[in-house]
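Chain A is the first sequence line, chain B the second, and so forth, proteins listed ahead of strands; every chain is numbered from 1.
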Amino acid sequence: MKIARALLGKFLVTDFAGGISSGMIVETEAYSWMERGCHAFNQRKTNRNAAMFEGGGVSYVYLCYGVHELFNIVTNKPGIAEAVLIRALEPVDGIELMMDRYNIKNPKGITSGPGKLTKALGITRKHNQIELNGPTVWIEDRNMKVKPKDIHSSARIGMNFEGKDAVLPWRFTIKGNSWVSK
DNA sequence: TAGAGGATTGAT
DNA sequence: TCAATCCTCTAC
């Protein structure tokens, strides 16, 4: 859970054929095998979530609703399924590239959702289960300071089941940032 | 091998 | 508020 908080203010960078694009992480959600809602609940291992068992520093990209690709960062030791979902970014580099990928001219709201930011950065399932220390996708620390009081935690989104797991405050956002998803 | 459903989004 | 859309898991 510490990692989900620490990732706020870090930069997610991609370098594909089209060029470099990056954004600052402003919203995350933590997932663990210990709670429902996670694909690897109860250490259930499948082909899809195999990346989560790889160990920290690996990406986990998967398709949701047949339409959207969601980007996660695996955070724990090999064999322990735990990951942080990147829900929103603030565009920094390659904004024009992102707009090209959407074929629009206004960057407003282009990365304000987990399915949208992957499209903006050009991330697809081909980038599943890869190391996040380069050369195509990596996390960068640019010494952006996020004060603890600027971090807001809340219940997660999209949890359809009943029970206490649904209200765990494992969603982290940067207060006052307009790129946070609604 | 077939059927149901999902960590969402955008249009109505 | 609801459909789009296709991959993954589960059951037969």
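With A:H152 as the fixed residue, the side-chain contact (heavy atoms from CB on, under 4.5 Å) test singles out one of A:I174, A:T173, A:N177, A:V180: A:T173.
Ring pair A:F71/A:H127: centre-to-centre distance not below 6.0 Å. Taking the centre of each ring, A:Y31 and A:H39 stay at or above the 6.0 Å mark.
Distance OH (A:Y102) to C1' (B:dG10): 11 Å, rounded to an integer number of Å. Look at NE2 on A:H68: it is 15 Å from P on C:dA3, rounded to the nearest Å. When rounded to the nearest whole Å, the span between NZ of A:K45 and C1' of C:dT8 equals 16 Å. As rounded to whole Å, 16 Å separates atom P of B:dA7 from atom CD of A:E69. Rounded to whole angstrom, the span from the OH atom of A:Y65 across to the P atom of C:dA4 amounts to 15 Å. Rounded to an integer number of Å, the gap from CZ of A:F172 to P of B:dA7 is 19 Å. Look at CZ on A:R87: it is 5 Å from P on B:dT8, rounded to the nearest Å. The OH atom of A:Y60 sits 15 Å away from the P atom of B:dG6 (whole-angstrom rounding).
Across all strands shown, A:F71 has no heavy atoms under 4.0 Å from either base or sugar-phosphate atoms.
Minimum interatomic distance between A:S112 and A:K116 (heavy atoms only, all atoms of both residues): OG-NZ, 3.5 Å. The minimum heavy-atom distance linking A:I86 with A:L89 is given by the pair CG2-CD2, 4.0 Å. Closest approach of A:M34 to A:F41, counting heavy atoms only: O-CE1, 4.0 Å. Between A:P91 and A:T111, the shortest heavy-atom distance links the atoms CD-OG1, 3.4 Å. Taking all atoms of both residues into account, the shortest heavy-atom contact from A:S181 to A:R171 is O-NH2, 3.5 Å.
For A:N128, the side-chain contact (heavy atoms from CB on, under 4.5 Å) test picks out A:A51, A:Y60, A:V61, with sequence neighbours left out.
A salt bridge links A:E69 to A:R125: one of the charged nitrogens lies within less than 4.0 Å of a carboxylate oxygen. The pair A:D93-A:R142 counts as a salt bridge, with a side-chain nitrogen and a carboxylate oxygen less than 4.0 angstrom apart.
Distance from the side chain of A:L63 is smallest for C:dC6 among the nucleotides C:dC6, B:dT9, B:dA7.
Listed in residue order, the members of residues 47-55 of chain A having a heavy atom less than 4.0 Å from DNA chain C are A:N47, A:R48. Scanning residues 116-127 of chain A for heavy-atom distances under 4.0 Å to DNA chain B yields A:K116.
Atom CD of A:Q43 sits in a crowded spot, with more than 12 heavy atoms from other residues, nucleotides or ligands closer than 6.0 Å.
Summarising the geometry, atom CG belonging to A:L117 is positioned 6.5 Å from atom CD1 belonging to A:I123; distances are rounded to the nearest 0.5 Å.
For the pair A:K119 (side chain) and A:G115 (backbone), a donor-acceptor distance under 3.5 Å is absent. A donor-acceptor pair under 3.5 Å is absent between the side-chain atoms of A:T136 and the main chain of A:F16, judged by distance alone.
Taking 4.5 Å as the limit, some side-chain heavy atom of A:E54 sits within range of a side-chain heavy atom of A:Q129. Within the 4.5 Å cutoff, side-chain heavy atoms of A:I151 are placed close to those of A:V146.
Contact annotation: A:H39 reaches the phosphate of B:dA7 (side-chain N/O to OP1 or OP2, under 4.0 Å).
The C1' atoms of C:dC2 and B:dG5 are separated by 16 Å, rounded to the nearest whole Å.
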(request) Give DNA chain C the dot-bracket treatment, 5' to 3': Watson-Crick (N1-N3 with N6-O4 or O6-N4) or G-U (N1-O2, O6-N3) under 3.5 Å, [ ] crossing, | other strand. (result) ||||.||||||.
N/O contacts under 3.5 Å, protein versus nucleotides 3-5 of chain B?
none

Report, one pair per line, the protein and nucleotides 10-12 of chain C atoms (nitrogen or oxygen only) whose separation is under 3.5 Å.
from: C:dT10; atom 1: OP1; to: A:R44; atom 2: NH1; distance (Å): 2.5

